[in-house]
Protein chains: 2
Amino acid sequence: MSQTVDRALSILPLLAEGPADLGRVAERLGVHKSTALRLLRTLHEHGFVYRQSDQRYRLGARLISLAQEAMENLDVREIAHPHLVRLNEQVGHTVHLAVHEEDEVLYIDKVESRYPVRMYSRIGKPVAITVAAVAKLLLADLPENERRAVAEQLDYPMYTARSTPNADGFLKELAKVREQGWATDLGGHEESINCVAAPIRGADGRVVAAMSVSAPNVVVTAEELLTLLPLVRRTADAISGEYSGRTPVKEVTA
Amino acid sequence: MSQTVDRALSILPLLAEGPADLGRVAERLGVHKSTALRLLRTLHEHGFVYRQSDQRYRLGARLISLAQEAMENLDVREIAHPHLVRLNEQVGHTVHLAVHEEDEVLYIDKVESRYPVRMYSRIGKPVAITVAAVAKLLLADLPENERRAVAEQLDYPMYTARSTPNADGFLKELAKVREQGWATDLGGHEESINCVAAPIRGADGRVVAAMSVSAPNVVVTAEELLTLLPLVRRTADAISGEYSGRTPVKEVTA
DNA sequence: GAGTGTGTTGCAACACTTGCAACGACCGTT
DNA sequence: AACGGTCGTTGCAAGTGTTGCAACACACTC
């Protein structure tokens, strides 16, 4: 809607690929160098980009601290955290918390496994939306038409032989997940990693977040992991209860 | 430099304080509602803001995932991480990694304490720049005039009785830190928490990052924590060595 | 010292942004 | 049920802010 802002914002994902110099930015944006320079300067003033010693631009610290604040404002996260920690103490494996927003599902909290073999993931990282157990739960809760629309515009990368292959398969899986109220990912993202996940619901019953326990095959088999399902569901329900008990937004308006 | 972009970017920190509706944003920006609307729409298209069910705006997921990418591009972090984990395994306490950028010092990595009593901090959070041990190391490495300039424009909040009170005291402390090559924070931020920190240097000898070990009084006394100094320094030196050995930027240019 | 490759600046033209006023939707009140 | 209020939204005309250009400054190479 606003050309100037649109261009400026387009610079950020571009820089996320790695540092770039002025010429490169101008070229990728399709604008004159002087224009790119002025946009970069404005971004710089706000700390969104940083100019390293070789004069090239990269993403700035302000972005990181803002994202930090953004996460701290998510109240599900705050409520869920102690429960995640407790679950982790009981089962030892990696515990994740994820939310859905626009067309992404991303981890907003994580408690690391106590086993030496760990799964790679990071808070803030968008998850593999077509295969992750938490993603299935979050998308399964959308109304029929939206679910369909989302499923059709997704890509279906075959991470492994057990990855969801296409929109059709995905919609079937979502229907099943919706039905049963929990989800799994058995080697659909990484061959040797399995997950069990359960939904966290708000007062109106809609799924606001999802949590999962993940563990590699070498530590526990898929069957053993599945025995944890009741515990995972109980934890999710406890969070749901606490979350829907309170006012969902804490107002600070003076 | 660019008014439109400047206004748009100013919306983000504003929303970081908490969700806001259109009128509020327009008011805070000092522009007409229609203008604010168009800016918000552009931010929304890029996923930087999200419109929640009550129509109010808050920071969006894109911001979080971008920040994530920004951090993954920091090569010090990648190199340092395994060393931090190893140190944590040896000493058990919380280990931090921080960098300096513009006028902020922020944590870019953290390995949690194994003790139940933990220090509060988060990756991405700007540190208390006038008292944190890592901040002292990073600022102490600046050339004299810059150090002076930075010190003078800072605020000196008295977190505790042992906080750095003013620019003068801070500059003295920086000089000492620069001299000895390591730093401490003994209850300057939180009464009961102490830190020991050591610098990580690039090939040219300049400090590119700093790492610290933090522990509360109730777990170990300040004296006991100080006995870890040689180990912390050795770890930092190991990281320095590895960091300056490689090419500092990994190019992906096709 | 000419020759490339950067990043940077002043300027004039015009495209884009801006504020306005008016509309529609919604909510609580009378 | 009609009213007044608040809030988000849209089309438009005025003009300001943005744009690309051309020229400059600087660093490096040949």
Side-chain angles (χ1 to χ4, degrees), chain A residues 1-12 14-15 17-60 101-102 203-204 247-249 251-254, chain B residues 1-12 14-15 17-60 101-102 143 203-204 206 247-249 251-254:
Chain A
M1 286 260 116
S2 164
Q3 190 188 69
T4 320
V5 177
D6 185 45
R7 285 174 171 169
L9 294 182
S10 306
I11 293 178
L12 299 175
L14 192 159
L15 290 184
E17 296 168 20
D21 61 21
L22 179 60
R24 198 190 175 82
V25 171
E27 187 193 19
R28 293 278 305 263
L29 274 184
V31 299
H32 196 264
K33 282 191 305 179
S34 59
T35 313
L37 177 68
R38 282 181 287 243
L39 296 176
L40 281 165
R41 275 226 257 261
T42 315
L43 289 167
H44 180 89
E45 269 176 26
H46 285 258
F48 285 85
V49 306
Y50 177 70
R51 197 150 198 202
Q52 37 186 37
S53 42
D54 63 352
Q55 295 228 103
R56 294 190 306 168
Y57 295 91
R58 59 171 186 70
L59 295 179
E101 189 176 312
E102 312 282 314
D204 53 1
T247 48
V249 195
E251 264 310 333
V252 202
T253 327
Chain B
M1 284 260 113
S2 164
Q3 190 188 70
T4 321
V5 178
D6 185 45
R7 286 174 172 169
L9 295 181
S10 306
I11 293 178
L12 299 174
L14 192 160
L15 290 184
E17 296 168 20
D21 60 22
L22 179 61
R24 198 190 176 82
V25 172
E27 188 194 18
R28 292 279 305 264
L29 274 183
V31 299
H32 196 263
K33 282 190 307 176
S34 59
T35 311
L37 177 67
R38 283 181 288 244
L39 296 176
L40 280 165
R41 275 227 257 262
T42 313
L43 289 168
H44 180 87
E45 269 175 26
H46 285 258
F48 284 85
V49 306
Y50 176 70
R51 196 150 198 200
Q52 38 186 34
S53 42
D54 63 351
Q55 296 227 109
R56 292 191 307 169
Y57 295 91
R58 58 170 186 72
L59 295 179
E101 189 177 310
E102 312 284 314
D204 54 0
R206 295 216 43 192
T247 48
V249 195
E251 265 306 335
V252 203
T253 326

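Every heavy atom of this structure was used, including side-chain atoms; hydrogens, water molecules and symmetry mates were not. Just so we're on the same page: letters track the sequence lines, and every chain starts at 1.
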B:R41 side-chain N/O to D:dT10 phosphate OP1/OP2 under 4.0 Å: yes
Contact nearer the 5' end of DNA chain C, comparing A:Q55 with A:V5: A:Q55
Nearest listed nucleotide, side chain of A:Q3, among C:dT8, D:dT10, C:dT17: C:dT17
Integer-rounded Å distance: D:dC26 P and A:L22 CG: 18 Å
Rounded distance (nearest 0.5 Å) linking atom OH of A:Y57 with atom CD1 of A:I11: 9.0 Å
Shortest non-hydrogen contact between B:V25 and B:A20, atoms and distance: CG2-CB, 4.1 Å
Rounded distance in Å - CZ (A:R24) to P (C:dG5): 17 Å
Donor-acceptor pair (no angle test) under 3.5 Å: A:K33 side chain, C:dG7 base: yes
Whole-Å distance separating the CG atom of A:L39 from the C1' atom of D:dG20: 13 Å
Length of the line joining B:D6:CG and D:dG17:P, which is rounded to integer Å: 12 Å
Sugar-phosphate, base or nothing in reach of A:T4, heavy atoms under 4.0 Å: sugar-phosphate
Rounded distance (Å) that lies between atom P of D:dT18 and atom CG of A:L40: 15 Å
Side-chain donor/acceptor contact of B:R56 with base of D:dG8 under 3.5 Å: no
Nearest-neighbour nucleotide for the B:V31 side chain, C:dG19, D:dT18, D:dT19 considered: C:dG19
Closest-nucleotide ordering on DNA chain C, the 5'-leading residue of A:S34 and B:A36: A:S34
For atom CG of A:L37 and atom C1' of D:dT18, their distance in whole Å: 13 Å
B:R51 vs D:dG8: side-chain N/O to OP1/OP2 distance below 4.0 Å: no
Distance test, side-chain N/O of B:R38 to OP1/OP2 of C:dG19, below 4.0 Å: no
Test: B:E17 and B:R28 ion pair at under 4.0 Å: yes
A:T35 vs D:dT19: side-chain N/O to OP1/OP2 distance below 4.0 Å: no
Ion pair check, B:R58 and A:E101, cut-off under 4.0 Å: yes
Atom-to-atom span, CD of A:E27 to C1' of C:dG7 - whole angstrom: 16 Å
Pairing of B:D54 and B:R56 as salt bridge, 4.0 angstrom limit: yes
Whole angstrom value for the distance that separates P of C:dT18 from CE of A:M1: 13 Å
